**Student:** 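The structure's right below; bear with me while I get my questions together.
Keep in mind that this is a model prediction, so the values were computed, not measured.
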Amino acid sequence: METRKVQVTGGSTYTVSIPKTWATDNDVEAGTEIEFHPDGDSLFLTPRSEEERTRGTLDISDLAGQALTRAVTTMYVSGFDVIELEGAEITTEQRSTVREAVQSLVGLEVLEETRDRVVVQDLLDSSELSIHNAVTRMRLISLSMLEDAIAALSERDHDLASDVIGRDDDLDRLWLVVSRIFRATLRTPKAAEELGLPREECFDYHSSARQLERIGDHATKIAHLTLNIDEPLPDDVVEAVNELHGDAVEVIDTAMDALFADDSEEATRLANEARTGVRAIDERVRAIDELLRDLDPTRAQLLGLVVDSVLRSADYGGNVAETALQKAAPTP
């Protein structure tokens, strides 16, 4: 850390020098324009960039399948607007994998393809992205997936279960968008400024989005389990699972309401209500476990996994409630 004294020039202008090492490392010299970004009681400065689009290059010569998909996804989440994929000779299989990866990411399009190069670009205007809207959409999708997964289980509706499994891709796409936006706010204060949100609040949304993505994963797990059920389930078990689901949804919804609440007292009240709901669900789970003891071991194990997924979904709602409490707490 280096310190500088603020000086006054011209009788009214405050000036402060910048460290030479930092200036050299960031190509700052006489005449370079510097951007200042206020953030509470802090002031961030960064060299003004002539290049609005961030470009990244990746050698994919030795990448294929899931490894290549992960590499493209990682560069997207890291915030590159233009991704240049290069190789001595890009194979047909690699091109197909890249196209599939691009289709699973919001805003990306393949702009150029040659024998040794594929250029992918994000066509979304970053100023139009909203982390709040993305998390709101994730809330709707994850809860609808959980609701339909339980309905498919109750009615042994394999078509509905398959539909739930398919919707998990939509949820994953939104999760990656939220991750991309959040990482942008960490990389540059300008991104947070364009969002109009403090970076701490972006962190809260990112953390909560992760919980919603996990809820979607458990809804998908329930749907997969449903595909293995052919015989009707006992009515008392179905009713108990439906009631458990209702309690879990109430916890998640209340926690999300707390996260989005502007009034700190209201947010705190809702978050504590959600946390209390999680503890009440534990009692209901123990009652369901007693019902499962009367079933044959195979069905009892399968339904036990379903109950565990619903319980974990409620726990994730409890995690959102904890985040909402932190968001509502006074800042130092």
**Student:** Nearest 0.5 Å, please: how far is CG in D163 from NE2 in H158?
**Tutor:**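 The NE2 atom of H158 sits 14.0 Å away from the CG atom of D163.
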**Student:** Above 12 or not: heavy atoms from other molecules or residues under 6.0 Å from CD of E250?
**Tutor:** no
**Student:** Hey, does H218 have a side-chain heavy atom less than 4.5 Å from the side chain of V310?
**Tutor:**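 The answer is no; the side chains never approach within 4.5 Å.
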**Student:** How long is the span from the CG atom in L85 to the CD1 atom in I60, to the nearest 0.5 Å?
**Tutor:**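 L85 atom CG to I60 atom CD1 measures 5.0 Å (nearest 0.5 Å).
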**Student:** Check the surroundings of atom CD in E93: do more than 12 heavy atoms from other residues, nucleotides or ligands lie under 6.0 Å from it?
**Tutor:** no
**Student:** At their closest point, which heavy atom of T185 faces which heavy atom of R199, and how far apart are they?
**Tutor:** O-CD, 3.0 Å
**Student:** With the threshold set at 4.0 Å, does a side-chain nitrogen-carboxylate oxygen contact exist between R286 and E290?
**Tutor:** no
**Student:** For I83 versus M75, what's the shortest heavy-atom pair and its separation?
**Tutor:** CG2-SD, 3.7 Å
**Student:** Which of these, I252, L311, N242, I281, sits in a side chain to side chain contact (heavy atoms under 4.5 Å, CB included) with D247?
**Tutor:**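 Testing each of I252, L311, N242, I281 against D247, the sole residue satisfying side chain to side chain contact (heavy atoms under 4.5 Å, CB included) is I281.
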**Student:** Output yes when K221 and D217 qualify as a salt bridge under the 4.0 Å nitrogen-oxygen rule, no when they do not.
**Tutor:**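 Salt bridge: no.
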**Student:** Starting from L225, can I reach L303 by hopping between I/L/V/M/F/W/Y residues whose side chains sit under 4.5 Å apart?
**Tutor:**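 Linked, L303 and L225 end up in one cluster.
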**Student:** Begin with the C-alpha distance, continue with both residues' side-chain angles, and end with the deciding distance and a verdict on side-chain hydrogen bond (donor to acceptor under 3.5 Å, both in side chains) for T323 and D204.
**Tutor:** CA-CA 6 Å; T323 298; D204 294 332; 5.5 Å; no
**Student:** Is there a side-chain contact between L174 and I141 in this structure, where contact means two heavy atoms from C-beta onward sitting under 4.5 Å apart?
**Tutor:** yes
**Student:** Between T54 and D81 (side chain of the first, backbone of the second, donor and acceptor by atom type, cut-off under 3.5 Å), is there such a pair?
**Tutor:** yes
**Student:** Membership question, hydrophobic clusters at under 4.5 Å side-chain separation (ILVMFWY): are L302 and L292 in the same one?
**Tutor:** yes
**Student:** Do you know which two heavy atoms are closest between S208 and L259, and how far apart they sit?
**Tutor:**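 Answer, listing the atom of S208 first, then L259: OG-CD2, 3.4 Å.
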**Student:** Between S179 and R210, is a side chain to side chain contact (heavy atoms under 4.5 Å, CB included) present by the stated rule, with each step listed?
**Tutor:** CA-CA 9 Å; S179 297; R210 181 56 171 159; over 6 Å; no
**Student:** Could you check whether any side-chain heavy atom of S142 comes within less than 4.5 Å of a side-chain heavy atom of E213, counting everything from C-beta outward?
**Tutor:** no
**Student:** With a 3.5 Å distance limit and no angle check, can you tell me whether N272 reaches the backbone of T268 through a side-chain donor-acceptor pair?
**Tutor:**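 Indeed, once roles are kept as given, a pair shorter than 3.5 Å links the two residues.
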**Student:** When you check the gap from the basic side-chain N to the acidic O, do D289 and R293 get nearer than 4.0 Å?
**Tutor:** no
**Student:** Are Y76 and V177 side-chain neighbours, meaning at least one heavy-atom pair lies under 4.5 Å?
**Tutor:**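 Yes, close enough: below the 4.5 Å cut-off.
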**Student:** If we only count heavy atoms from C-beta on, is the V135 to M256 side-chain gap below 4.5 Å?
**Tutor:** yes
**Student:** Roughly how far, to the nearest 0.5 Å, is CG of L143 from CD1 of I215?
**Tutor:**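 Rounded to the nearest 0.5 Å, the CD1-CG separation comes to 6.5 Å.
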**Student:** So does E112 have more than 12 non-hydrogen atoms from other groups sitting under 6.0 Å from CD?
**Tutor:** yes
**Student:** Output, in order, the C-alpha distance, side-chain angles, deciding distance and verdict of salt bridge (Lys or Arg N to Asp or Glu O under 4.0 Å) for R117 and E113.
**Tutor:** CA-CA 6 Å; R117 189 165 177 261; E113 285 191 68; over 6 Å; no
**Student:** If you take all heavy atoms of Q94 and E89, which pair is closest and at what distance?
**Tutor:**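 Distance-wise, the nearest heavy atoms are OE1-O, 4.1 Å.
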**Student:** Counting heavy atoms not belonging to Q301, are there more than 12 under 6.0 Å from its CD?
**Tutor:**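 Check fails, neighbour count at 12 or below.
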**Student:** Do F182 and L186 come within less than 4.5 Å of each other through their side chains, counting heavy atoms only?
**Tutor:** yes
**Student:** Salt-bridge test for R137 and D170: reply yes if a basic N is under 4.0 Å from a carboxylate O, no otherwise.
**Tutor:** no
**Student:** Could D168 and R173 be called an ion pair, given the rule that one side-chain N must be under 4.0 Å from one carboxylate O?
**Tutor:** no
**Student:** Treating R115 as the side-chain partner and A88 as the backbone partner, does any N or O pair qualify as donor plus acceptor under 3.5 Å?
**Tutor:** yes
**Student:** Return the minimal non-hydrogen interatomic distance between A258 and A271, and the atom names on each side.
**Tutor:** CB-N, 3.6 Å
**Student:** Flag yes if L295 and L233 sit in one hydrophobic cluster, no otherwise; membership is Ile, Leu, Val, Met, Phe, Trp, Tyr, and two members link when side-chain heavy atoms are under 4.5 Å apart.
**Tutor:**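 Per the 4.5 Å side-chain linkage, L295 and L233 are co-clustered.
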**Student:** Where does the angle between the aromatic ring planes of Y205 and H132 fall among parallel (under 30°), tilted (30 to 60°) and perpendicular (over 60°)?
**Tutor:** perpendicular
**Student:** Among D172, V77, L176, which residue meets the side chain to side chain contact (heavy atoms under 4.5 Å, CB included) test with L105?
**Tutor:** L176
**Student:** Could you tell me whether a side-chain N or O of R180 sits under 3.5 Å from a main-chain N or O of S78, the two making a donor and an acceptor?
**Tutor:** no
**Student:** Do R55's NZ or CZ and the ring of F80 fall within the cation-pi criteria of under 6.0 Å and 45°?
**Tutor:** no
**Student:** Can you see which heavy atom on I150 is nearest to which on V241, and at what distance?
**Tutor:** CD1-CG1, 4.1 Å
**Student:** After noting the C-alpha distance and the side-chain angles of V8 and T13, does the key distance pass the side chain to side chain contact (heavy atoms under 4.5 Å, CB included) rule?
**Tutor:** CA-CA 5 Å; V8 179; T13 301; over 6 Å; no
**Student:** Just wondering, do D257 and R139 contact through their side chains at under 4.5 Å, heavy atoms?
**Tutor:**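 They are in side-chain contact.
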**Student:** Counting neighbours of CG on D262 that are heavy atoms of other residues, nucleotides or ligands and sit closer than 6.0 Å, is the number greater than 12?
**Tutor:** no
**Student:** Should we say atom CG of D235 is surrounded by more than 12 heavy atoms from elsewhere, each under 6.0 Å from it?
**Tutor:**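 Result for CG/D235: open.
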**Student:** Quick one: do D230 and R156 make a salt bridge, cutoff under 4.0 Å?
**Tutor:**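 No, D230 and R156 are not salt-bridged.
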**Student:** I'd like to know if E100 and R95 make a salt bridge, using a cut-off of under 4.0 Å between side-chain N and carboxylate O.
**Tutor:** no
**Student:** Quick check: is V164 connected to I229 through a chain of hydrophobic side chains (ILVMFWY, heavy atoms under 4.5 Å apart)?
**Tutor:**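 In one cluster: yes.
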**Student:** Using a strict threshold of under 4.0 Å (side-chain N to carboxylate O), is an ion pair present between D294 and R299?
**Tutor:** no
**Student:** Under a 3.5 Å cutoff, is there a donor and acceptor pairing between the side chains of T114 and D116?
**Tutor:** yes
**Student:** L305 and V237: same hydrophobic cluster, using ILVMFWY side-chain contacts below 4.5 Å?
**Tutor:**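 Same hydrophobic cluster.
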**Student:** Do any N or O atoms from the side chain of S96 and from the backbone of T92 form a donor-acceptor pair under 3.5 angstrom?
**Tutor:**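 Judged by distance alone, no pair lies under 3.5 Å.
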**Student:** Would you check, one step at a time, whether the test side chain to side chain contact (heavy atoms under 4.5 Å, CB included) holds for D169 with S104?
**Tutor:** CA-CA 8 Å; D169 291 338; S104 68; over 6 Å; no
**Student:** Would you check, one step at a time, whether the test side chain to side chain contact (heavy atoms under 4.5 Å, CB included) holds for I165 with H224?
**Tutor:** CA-CA 7 Å; I165 295 169; H224 278 294; 3.5 Å; yes
**Student:** Can you tell me how far apart CZ (R284) and CG (L244) are? Round to the nearest 0.5 Å.
**Tutor:** 7.0 Å
**Student:** Is there a side-chain contact between T136 and F260 (heavy atoms, below 4.5 Å)?
**Tutor:** yes
**Student:** Just verifying a value: how many Å separate R214 CZ and L171 CG, rounded to the nearest 0.5 Å?
**Tutor:** 12.5 Å
**Student:** Distance from L270 atom CG to D253 atom CG, nearest 0.5 Å?
**Tutor:**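 L270 CG to D253 CG: 11.0 Å, rounded to 0.5 Å.
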**Student:** Scan R275, Q211, K327 and name whichever one has a side chain to side chain donor-acceptor pair (under 3.5 Å) with E322.
**Tutor:** R275
